Asker: 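Next up is a structure, given as structure tokens.
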Amino acid sequence: MTAIVLLGAQWGDEGKGKATDLLGEKVDYVVRYQGGNNAGHTVVTGDQKYALHLLPSGILSPDVIPVIGNGVVIDPSVLFEEIKGLNERGIDTSKLKISTNAHLITPYHRTIDKVSERFLGKSKIGTTGRGIGPAYADKINRIGIRVQDLFDPSILKQKVEGALRDKNQILIKVFNRKGLEVDDVVNEYLGYAELLRPFVTDTSLLLNQALDQGKNILLEGSQGTLLDVDHGTYPFVTSSNPTAGGACTGSGIGPTRISRVIGIVKAYTTRVGSGPFPTELFDEDGEKLRSIGGEVGVTTGRARRCGWYDALIARYAVRVNGLTDLFLTKLDVLTGWEKIPVCVAYEVDGKRVEELPASQSDFHHAKPIYELLPGWSEDISQAKSLDQLPQNAKAYVRYLEEISGAPVSAVGVGPERDQTISIRELI
């Protein structure tokens, strides 16, 4: 048996869907352990392209059981729309398992998310407006609604009444918006109860029993390390823990059962939303990366901010997550540059810094210090091994491995499932 964590080692959008789909053939369960439909994975299989927002990537593998763990916040309307879309394309979703303890996103979470973000103006965080933050806030405040509450109408109504007692006051008196009716929310969500019932189970028990039986489990994070609410670029972060520790709390699997932690990194860096980004490019190179890399958010449709590879971020992700492997994606996007800068340190207040600053102010003012590596012009999209790469591309991979602090075990050279160079077995 083995439990493996697969997570983003930058600001998300690193290509986790491709990696999860690739490993999905070798595991029995794929588990989403945090986040909600504010994330997105793009998976390309043959001539088919799938954009997944809430469902685990393992949903596309017929022999895998996909699981939505207790750490995820679920918008039922989005969940069933996504299930419907996959069913219409011939994908069987009947094996899906959903934790009875997962929290639900409600209409008042979405409303508050949108109006509060607009209220912040220039100080906005860059939230997707899908209610994820308010749902997690209610969870921490112990007034959240869980999947299991849908099966007890009286409990559900009590909880909605309690939540709206305060939230309607905020909507009406602070934001000058119309309040929500308790019965409207309750009736809508009771309508999801029977739809959800076939999928709902004690997923912590299910997963631990699977490990006892010698099964392999892949724990799939959404977003990325630098968006972690504790370890990311706070406050420009998500509302959960995409880092490896979140895999335990969000799935109900103990840390001693995890044998490997794989971090996904792009061969360059991107982020969506507000917040500091030391290597961000505002020139033709940045636009070229965005265009060639197709850097548009799967969920938001927003153009991603683009910059060069940042080794300090990679080293930080290795440290915080205890990464055992790096999966380097989108190496092919860098084809055509004569020289490729790599950030190896920052300048902060005139001093050279080689580790991520602990101070948000220092990080915000950090200036990248680059090493220039020779580029390549050859097409690498058909390479099947590291030795088939041009010498400069191979040297680039080895250099990133050296300065990032963990072995590069796989390299993506294109969007297709088979456009991956395997250097070390990941499972």
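Just so it is clear, the values below take in all heavy atoms, side chains as well, and ignore hydrogens, waters and symmetry mates. All values derive from a computational prediction rather than experimental measurement.
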Asker: Scan side-chain atoms only and decide if D379 and S381 contain a donor-acceptor pair under the 3.5 Å cut-off.
Answerer: yes
Asker: Just by distance, do the side chain of N216 and the backbone of V27 share a donor-acceptor pair under 3.5 Å?
Answerer: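 Answer holds: no.
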Asker: Do T335 and W376 meet the criterion of a side-chain donor-acceptor pair at a distance under 3.5 Å?
Answerer: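 Indeed, the side chains of T335 and W376 share at least one donor-acceptor pair under 3.5 Å.
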Asker: Counting only heavy atoms not in K84, do more than 12 sit closer than 6.0 Å to its NZ atom?
Answerer: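 Counting other residues, nucleotides and ligands, NZ of K84 stays at 12 neighbours or fewer.
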Asker: At their closest point, which heavy atom of D212 faces which heavy atom of R257, and how far apart are they?
Answerer: OD1-NH2, 2.8 Å
Asker: Tell me yes or no: between the side chains of H103 and D138, is some donor less than 3.5 Å from an acceptor?
Answerer: no
Asker: Closer than 3.5 angstrom, by distance alone: can the side chain of Q223 be matched with the main-chain N or O of T238 as a donor-acceptor pair?
Answerer: no
Asker: Ignoring hydrogens and angles, tell me if any N or O in the side chain of N37 forms a donor-acceptor pair with the backbone of V78 under 3.5 Å.
Answerer: no
Asker: Checking S204 against N70: is there a side-chain donor and acceptor pair closer than 3.5 Å?
Answerer: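 The answer is no; no qualifying pair exists.
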Asker: Are E194 and R197 close enough for a salt bridge, meaning some N to O gap below 4.0 Å?
Answerer: yes
Asker: Show your working on side-chain contact (heavy atoms from CB on, under 4.5 Å) between D228 and V237 and close with a plain yes or no.
Answerer: CA-CA 6 Å; D228 186 280; V237 293; over 6 Å; no
Asker: Would you confirm whether T225, through its side chain, and G8, through its main-chain N or O, come within 3.5 Å as a donor-acceptor pair?
Answerer: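 Side chain of T225 to backbone of G8, a donor-acceptor pair under 3.5 Å: yes, one is there.
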Asker: Please check if the side chain of K167 supplies one atom and the backbone of Y108 the other of a donor-acceptor pair under 3.5 Å.
Answerer: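 Not confirmed, K167 side chain does not pair with Y108 backbone.
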Asker: Under a 3.5 Å threshold, yes or no: a donor from one side chain and an acceptor from the other, between T279 and D310?
Answerer: no
Asker: Calculate, to the nearest 0.5 Å, the distance between atoms CG and CG belonging to L400 and L373 respectively.
Answerer: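 So the CG of L400 and the CG of L373 are separated by 7.5 Å.
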Asker: Give a yes or no on whether D283 atom CG has more than 12 heavy-atom contacts from other residues, nucleotides or ligands under 6.0 Å away.
Answerer: yes
Asker: Does one side chain, of S77 or D75, offer a donor that lies under 3.5 Å from an acceptor on the other?
Answerer: yes
Asker: Nearest 0.5 Å, what's the NZ-CG distance between K16 and L7?
Answerer: 8.5 Å
Asker: Quick one: closest heavy-atom pair of F199 and L96, and the distance?
Answerer: CD2-O, 3.2 Å
Asker: Salt-bridge test for K159 and D149: reply yes if a basic N is under 4.0 Å from a carboxylate O, no otherwise.
Answerer: yes
Asker: Output the distance between atom OH (Y316) and atom NE2 (H231), rounded to the nearest 0.5 Å.
Answerer: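 The distance works out to 6.0 Å.
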Asker: Are a donor atom and an acceptor atom from the side chains of H109 and T106 found within less than 3.5 Å of each other?
Answerer: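 Side chains of H109 and T106: pair found under 3.5 Å.
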Asker: Can you tell me how far apart OG1 (T203) and CG (N101) are? Round to the nearest 0.5 Å.
Answerer: 7.5 Å
Asker: Under 3.5 Å, side chain of E295 to main-chain N/O of C306, donor-acceptor pair present?
Answerer: no
Asker: Is a donor from one side chain sitting under 3.5 angstrom from an acceptor on the other, for S404 and Y309?
Answerer: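 Side chains of S404 and Y309: pair found under 3.5 Å.
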Asker: Will you find, in the side chains of S222 and Q34, an N or O donor that is under 3.5 Å from an N or O acceptor?
Answerer: yes
Asker: We want to know whether D285 and W337 form a side-chain donor-acceptor pair, criterion being a heavy-atom distance below 3.5 angstrom.
Answerer: yes
Asker: Which residue in the set T249, L227, D230 passes side chain to side chain contact (heavy atoms under 4.5 Å, CB included) when paired with N241?
Answerer: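 That would be D230.
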Asker: Report the residue from R305, R271, R304 that forms a salt bridge (charged side-chain N to carboxylate O under 4.0 Å, His left out) with E280.
Answerer: R305
Asker: Aromatic ring centroids of Y396 and Y399 under 6.0 Å?
Answerer: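 Between Y399 and Y396, which both carry aromatic rings, the centre distance is not below 6.0 Å.
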Asker: Sub-3.5 Å donor-acceptor pair from the side chain of R315 to the main-chain atoms of E354, do we have one?
Answerer: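 Yes: the side chain of R315 pairs with the backbone of E354.
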Asker: Whether the S385 and D387 side chains hold a donor-acceptor pair (N or O, under 3.5 Å, no angle test) is what I'd like checked.
Answerer: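 Distance-only check fails for S385 and D387.
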